[in-house]
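Per chain, numbering begins at 1; letters A, B, ... match sequence-line order.
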Amino acid sequence: MHCKERLCISLLQKCRNLKQIEQIQAFVWKNGFKADPVVAGKLILKCAVLIPDSLHHARHLLLHASNPDVFMYNTLSRGLSESETPEDSLITLIEMRRRSLTPDSYSFAFALKVAADLMYLKAGIQLHCQALVYGLNTHLFVGTTLTGMYGECGYLEYARRAFEEMSEPNIVAWNAMLTACFRCDDIKKVEFVFDEMPFRNLTSWNVMLAGYVKAGEVELARKLFMELPMKDGVSWNTMIVGLAQNGHLDEAFGLFRELRRTGMKVNEVSLTGVLSACAQAGALEFGKILHGLVEKAGVGWIVSINNALLDTYARCGNVDMARLVFQRMPDKKNIVTWTSLIAGLAVHGYGEEAIQYFHEMEEYGVMPDGVLFISVLYACSHAGLIKEGCKYFNKMNKVYGIEPTIEHYGCMVDLYGRAGLLQKAYKFINEMPILPNVVIWRTLLGACSFHGNVKLAEQMKQKLSELDPQDSGDYILLSNVYAAAAKWEDVGALRKLMSSHCVKKTPGWSVIEVHRTTFTFVAGGELDEITGQAHEKIREVISRLRIESGYVPETKTVLHDIEEEEKENAVSWHSEKLAVAYGLLRTCKGKTIRIVKNLRICSDCHNVMKLISRVYEVDIVVRDRSRFHYFKDGTCTCKGYW
DNA sequence: TTAGGGTTAG
């Protein structure tokens, strides 16, 4: 090779931006060796893969190259596959044919990766057929990518066939097959392939672990994790994320701490996993610590991390910080970012702001999806924006072509129901093109309960009894309707029915975070030391409220704690009362008490929270199953609307 | 001179 060419290559290896590339290119052309495929290929490689925002230049170069080879096309294809328009990568194969070039295994592998990422099954099948023509489907590299592509698209049988076309699959191919089973949510097949494998490495074990986690088999995952011959960061992350996803929050926190103790590097995956646990638990203080760790680990620029932080702040009741994360994050906001923000604002009752952001998102150029519209409709229903709700419900289908699912219909029923348009909601259900499920009926029952419509509530309960006779919440809602209408005989009859049907009450729990540690209280749970302290305190609080604010406990919702009543236990309290009492005991004056509850807060507890906020001069934030309640100086932001 | 398999957010 000519020494000038060698100089070019060495210079290219060092250059970092488009301008430097252009300078070298000018040098190359001036010296008359632009036709040399090696030098030109290097140029394209640099432009297309290593220098950001210079793909157009790479395309231009290739278009004008007098003697392009397969390598050059492959390089461009790879660059495109990692760009913002990965589908362009598929065109390079057509372009190669036009230039009478024969694609090689790399050409297919890059294109197949794109088909897998975008889940373009049709394109994937076409590529498979073409690979067959060239006899490349048996190639390990191509066969493995084919297996992965079919798995990604959810076609396990095709994946198996592509896998079997390889005569001697290696460990990477076997792992691709295993992953295909995992992607297709078939844990039995994951186990089967795992047993069938002639050799395994840590990746195989990690896929198996992820399989158990995804199938909700926490016990099996835990056992496998303990028995792993060796563990790497992925094993740890899989387990942390798995625990968080399956609701084992305290254990997820514990494992994260253990990971840090091992000295292994915490990365964006472990952090998003543990942040998700934080969001579920409503543990704001721990969330703040994690935010610090995010900065320390240098992963604050990653989109998924920002999304997780945004979601955590919103779900822990700190909307201001959620907004701040959104404003500060790099300009790569995706659909998850916008959904988290809109949903976060919606649960706090900021419906109008949520909708403003929806419009901003449309301008920003992100395509909405079904999940996003659930947040938008939720924002409308929780802020009483009926007209807007209807508008967006129509828009999602007419403008964006998204078919409404049962969740969207549920939001609409909620929208009408909350606003007291009960007949309209009922009519809407009857006109739905899909079969209503228990959630739909329950939503309307809740609205009937809130607006005191006995007749419709009875009808709803009837429907629910046919579909889900064991749900205690439905009995309680109907009972509340009867109680509000002073139909005490019906209340009594319902109570008998409940015990004769052996209806189990969903145990209510509340979590409070005190000095960065979470404490869980369960109504009628074990009487340990902490619960004992909470009991003692709540008795004192209630008597103070009776004296200072004339508090009288509500008897309307008498069925709420039927189990405790049956136990004839005089000291029975809802978990949120215990949590707030414990908060009063342990929280410094002036600090907000934050509670997360798994069920909806009852109206007596709601009243008690209001009174405590005034008498004890403390702000209380309660996240219940439905929304956030901010208690301050005797009032709540939900304005009695929940 | 390009490479294929594992964990993450609504």
Side-chain angles (χ1 to χ4, degrees), chain A residues 9 12-13 37-42 44-46 48-49 69-79 81 104-110 112-113 116 139-149 151 163 166 169-180 182-183 197 200-211 213-214 231-242 244-245 267-276 279 299 302-312 314-315 333-344 346 368-375 378:
Chain A
I9 291 166
L12 277 165
Q13 275 162 354
V38 179
V39 177
K42 280 272 186 186
I44 289 162
L45 170 75
K46 270 286 179 187
V49 183
D69 65 356
V70 177
F71 166 70
M72 288 158 73
Y73 274 103
N74 288 348
T75 308
L76 179 67
S77 172
R78 198 200 132 186
S81 74
D104 62 8
S105 58
Y106 289 99
S107 324
F108 281 106
F110 292 146
L112 280 164
K113 190 84 200 318
H139 192 286
L140 270 179
F141 188 12
V142 179
T144 305
T145 333
L146 269 169
T147 309
M149 182 274 297
F163 175 76
M166 292 177 275
N170 62 2
I171 181 75
V172 181
W174 272 100
N175 284 339
M177 189 58 227
L178 195 65
T179 309
F182 165 76
R183 295 259 180 261
M197 290 172 84
R200 295 173 191 137
N201 62 6
L202 187 51
T203 298
S204 334
W205 289 94
N206 284 339
V207 179
M208 193 63 237
L209 188 65
V213 157
K214 207 174 173 190
K231 297 179 182 79
D232 65 357
V234 176
S235 330
W236 280 87
N237 293 345
T238 307
M239 201 57 207
I240 291 170
V241 167
Q245 282 172 345
N267 70 0
E268 75 275 16
V269 182
S270 13
L271 283 163
T272 45
V274 77
L275 274 167
S276 144
V299 292
I302 297 173
V303 183
S304 58
I305 272 284
N306 279 291
N307 290 346
L309 277 172
L310 164 54
D311 187 50
T312 304
R315 285 166 71 186
K333 299 175 175 87
N334 63 16
I335 187 74
V336 180
T337 320
W338 293 95
T339 310
S340 305
L341 180 70
I342 291 171
D369 66 2
V371 186
L372 182 107
F373 271 105
I374 295 175
S375 306
Y378 186 94

Select base, sugar-phosphate, or nothing to describe what A:Asn170 touches, counting heavy atoms under 4.0 Å on all strands. base

Classify the nucleic acid contact of A:Ile302 as base, sugar-phosphate or nothing, counting any heavy atom under 4.0 Å across all strands shown. nothing

Which listed nucleotide (B:dT2, B:dT7, B:dG5) is nearest to the side chain of A:Ala176? B:dG5

B:dT7, OP1 or OP2 - any side-chain N/O from A:Gln245 closer than 4.0 Å? no

Nearest to side-chain heavy atoms of A:Asn175, which nucleotide of B:dT7, B:dG5, B:dA3: B:dG5

In this structure, how many angstroms lie between the C1' atom of B:dT2 and the CG atom of A:Asp104, rounded? 9 Å

Starting at CG of A:Leu76 and ending at P of B:dT2, how long is that distance when rounded to a whole Å? 16 Å

Could you tell me whether A:Phe110 contacts a base, only the sugar-phosphate backbone, or nothing, with contacts defined as non-hydrogen atoms closer than 4.0 Å? base

Contact class for A:Leu372 (heavy atom, under 4.0 Å): base, sugar-phosphate, or nothing? base

Under 3.5 Å donor-acceptor pair, A:Ser340 side-chain atoms to B:dG10 base atoms: no

A:Thr272, nearest nucleotide to its side chain (from B:dG10, B:dA3, B:dT8): B:dT8

Gap between atom OG1 of A:Thr238 and atom CG of A:Asp232 - 0.5 Å precision: 8.0 Å

CE of A:Met149 to OG1 of A:Thr144, rounded to nearest 0.5 Å, is 12.5 Å

Please classify the nucleic acid contact of A:Arg183 as base, sugar-phosphate, or nothing, using heavy-atom distances under 4.0 Å. sugar-phosphate

Between B:dT8 (P) and A:Leu310 (CG): distance, integer Å: 20 Å

Write down the distance between CG (A:Leu209) and C1' (B:dT8), rounded to a whole number of angstrom. 15 Å

Does the pair A:Asn175 and A:Thr203 meet the rule for a side chain to side chain donor-acceptor pair (under 3.5 Å), with working shown? CA-CA 7 Å; A:Asn175 284 339; A:Thr203 298; 4.6 Å; no

Would you indicate what A:Leu140 reaches in the nucleic acid, counting non-hydrogen atoms under 4.0 angstrom: base, sugar-phosphate, or nothing? base

If you check every side-chain atom of A:Val172, which of B:dA9, B:dT7, B:dG5 has the closest atom? B:dG5

A:Trp174 CH2 to B:dG5 P, in whole Å, measures 18 Å

Quick one: which residue pairs count as a salt bridge (Lys or Arg N to Asp or Glu O under 4.0 Å) with a foot in residues 70-79 of chain A, not counting sequence neighbours? A:Arg78-A:Glu82

For B:dA9, does the base pair up with any side-chain atom of A:Asn334 as donor and acceptor (N or O, under 3.5 Å, distance only)? yes

Test side chain to side chain donor-acceptor pair (under 3.5 Å) applied to A:Asn307 and A:Thr339, A:Thr312, A:Asn334, the passing residue: A:Asn334

Touch class at under 4.0 angstrom, heavy-atom based, for A:Ile374 against every strand present: nothing

Spacing of A:His139 atom NE2 relative to B:dT2 atom P, expressed in whole Å: 14 Å

Could you tell me whether A:Asn74 contacts a base, only the sugar-phosphate backbone, or nothing, with contacts defined as non-hydrogen atoms closer than 4.0 Å? base

Taking B:dG10, B:dT7, B:dG4 as options, the one with an atom nearest any side-chain atom of A:Val371 is B:dG10

Can you sort out the partners of A:Ser77 under side chain to side chain contact (heavy atoms under 4.5 Å, CB included), two or more places apart, ordered by chain and number? A:Ser89, A:Thr92, A:Phe110

Value in whole Å for how far the C1' atom of B:dG10 lies from CD1 of A:Ile342: 10 Å

What's A:Thr238 touching, base or sugar-phosphate or nothing? Going by heavy atoms closer than 4.0 Å. sugar-phosphate

Donor-acceptor side-chain pairing of A:Ser270 and A:Asn237 below 3.5 angstrom: yes

Just call it for A:Asp232: base, sugar-phosphate, or nothing, with non-hydrogen atoms closer than 4.0 Å on any strand. base

Selected nucleotide, minimal atom distance to A:Ser304 side chain, candidates B:dA9, B:dA3, B:dG10: B:dA9

Select base, sugar-phosphate, or nothing to describe what A:Val241 touches, counting heavy atoms under 4.0 Å on all strands. sugar-phosphate

How many Å lie between NZ on A:Lys113 and P on B:dT2, as a whole number? 17 Å

To the side chain of A:Val336, which of B:dG10, B:dG5, B:dA3 is closest? B:dG10

